Colleague: 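Dropping the structure in here first, questions after.
Note that this is a predicted model, so its numbers are computed, not measured.
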Amino acid sequence: MAKIVCLKEKGNRERRCGLLPVNVKSYILLGADVIVEAGLGESIFITDEEYTNAGATVLSNRAEILAQADVILSVDKLPVEDVAHAKGKTVISFLDPFNSHDYVDLLCQHQVTSLSVEMIPRSTRCQKMDALSSQASLAGYVMVTKAIAELSSILPMMMTAAGTIKPAKVFIIGAGVAGLQAIATAKRLGAAVTAFDTRSVVAEQVRSLGAKFLDIDLGETGQTAQGYAQALNESQIAKQQAAQAQCIAQSDIVITTAQLFGRKPPVLINHDTIKLMKAGSVIVDMAAESGGNVAGSVSGETTIIEGVKVIGTGNWPSEVALNASQMYANNLLNLVSEFWGKDTKCFSIDLDDDIQKSAVITHQGNITNKTISDLRTQAMEQAS
């Protein structure tokens, strides 16, 4: 009988986990044994006893857990020191394969089969296992709350005997999953919201949430087959920066969500534009950890630039770790269930399947994902 295990995350800033007690019961119904590391759910106040009551075995020794595993579930990629113990196993997590060439090589070296949840295609079939979207939606919500916590004024209009308070102005750049949730959250809290996206096709979605859509004619832009924004050329970025500068200057909160999958994010707000903003205004840079949409933003920190607070703390879903864990754990359960053999009672690898062709990064000592393989080859050529 196949064993599915889930380890406690080692990162100090990661409060999520990839398995909840309710999921344990579902995996057992599939015919799997479930093993979890002691303390797996402590950051979201779930006790080891709750996992035990659901049918899981709770162990403390990571090496012992990994030795028994067939499938290893986690949020972040398995720490380097654990990879050797995962030889011949299947690991499923966020892998960041575009920026982790040495780590991918390590997985190959130890014959680890790895699935990167970021690489799951965006299709109707994949919606239930799309962890990137589920976590991005929560990130959109959290970024608004972070901005509110740093702003010295309220969002909604208030008419009182002491006077009228105008609604705060919020400008959101990027109307993907995170951006749309940020728009909806800011509107629910009473802000006057304006949004922009290079994909004009999302304008209707923005307006349906009660926000204004800032029209900027950038020429041909479009989106990828997966629904992501296409990268702009330098002249288009310059035109966008200039056209949105006035809107940014008038805003109390600006949230940037422009992340290009597998590529460095564009700088959308330069230093000169920040200088136009009122002192005490707030910018939240969703892309700070991968390079930043805002000039001067610092990954993991909140900085003050020209009197404007720029938040680049990142790992937004971990701020609402319980709900994030619920959604992520369900994404993983749906992924595993999709490829679980009813007769074999194990997780099957099928590289001819459209989902696995995209999501499986390494298998049997090789990089099987063509995109990642090509990037790895390019990096090796440049290094030589």
Colleague: Between Q240 and Q244, does any side-chain donor sit less than 3.5 Å from a side-chain acceptor?
Modeller: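 Distance-only check passes for Q240 and Q244.
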Colleague: Please tell me whether T47 and E49 have a donor and an acceptor in their side chains that are separated by less than 3.5 angstrom.
Modeller: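 No, E49 and T47 have no side-chain donor paired with an acceptor closer than 3.5 Å.
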Colleague: Where do L189 and L155 come nearest, in terms of heavy atoms and distance?
Modeller: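 For L189 and L155, the tightest heavy-atom pair comes out as O-CB, 3.6 Å.
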Colleague: Side chains of N334 and N331 only: does a donor on one sit below 3.5 Å from an acceptor on the other?
Modeller: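 Short answer, no.
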Colleague: Please tell me whether Q326 and N323 have a donor and an acceptor in their side chains that are separated by less than 3.5 angstrom.
Modeller: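 There is such a pair between these side chains.
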Colleague: Between T368 and H363, is any side-chain donor less than 3.5 angstrom from a side-chain acceptor?
Modeller: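 Checked: T368/H363 side chains show no N/O donor-acceptor pair below 3.5 Å.
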Colleague: Check K8, K10, R62 against E37 for a salt bridge (Lys or Arg N to Asp or Glu O under 4.0 Å) and give me the one that passes.
Modeller: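 Of K8, K10, R62, salt bridge (Lys or Arg N to Asp or Glu O under 4.0 Å) with E37 is met by R62 alone.
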Colleague: Is it the case that N23 and S26 place a side-chain donor and acceptor less than 3.5 Å from each other?
Modeller: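 Absent: no donor and acceptor within the cut-off.
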Colleague: Any donor-acceptor pair under 3.5 Å linking the side-chain atoms of H271 with those of E306?
Modeller: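 H271 and E306 do have a side-chain donor-acceptor pair below 3.5 Å.
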Colleague: Following the transitive rule for hydrophobic clusters with a side-chain heavy-atom cut-off under 4.5 Å over Ile, Leu, Val, Met, Phe, Trp and Tyr, establish whether V177 and V117 coincide in one cluster.
Modeller: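 In one cluster: no.
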Colleague: Are K77 and F94 in a cation-pi contact, defined as NZ or CZ under 6.0 Å from the six-membered ring centre and within 45° of the axis?
Modeller: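 Verdict for F94: no cation-pi partner in K77.
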Colleague: In the single-linkage hydrophobic clustering (I, L, V, M, F, W, Y; side-chain heavy atoms under 4.5 Å), do V284 and I154 co-cluster?
Modeller: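 No; tracing contacts between hydrophobic side chains, which count when under 4.5 Å, never links both residues.
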Colleague: For the atom pair OH (Y51) and CD1 (I35), what is the distance rounded to the nearest 0.5 Å?
Modeller: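 Rounded to the nearest 0.5 Å, the OH-CD1 separation comes out at 14.5 Å.
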Colleague: Please confirm whether the backbone N or O of I311 pairs with a side-chain atom of D285, one donor and one acceptor, at under 3.5 Å?
Modeller: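 No, because the side chain of D285 does not come within donor-acceptor range (under 3.5 Å) of the backbone of I311.
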Colleague: Can you tell me which residue among R16, E289, Q135 is in a side chain to side chain donor-acceptor pair (under 3.5 Å) with N315?
Modeller: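 Looking at R16, E289, Q135, the match for N315 under the side chain to side chain donor-acceptor pair (under 3.5 Å) is R16.
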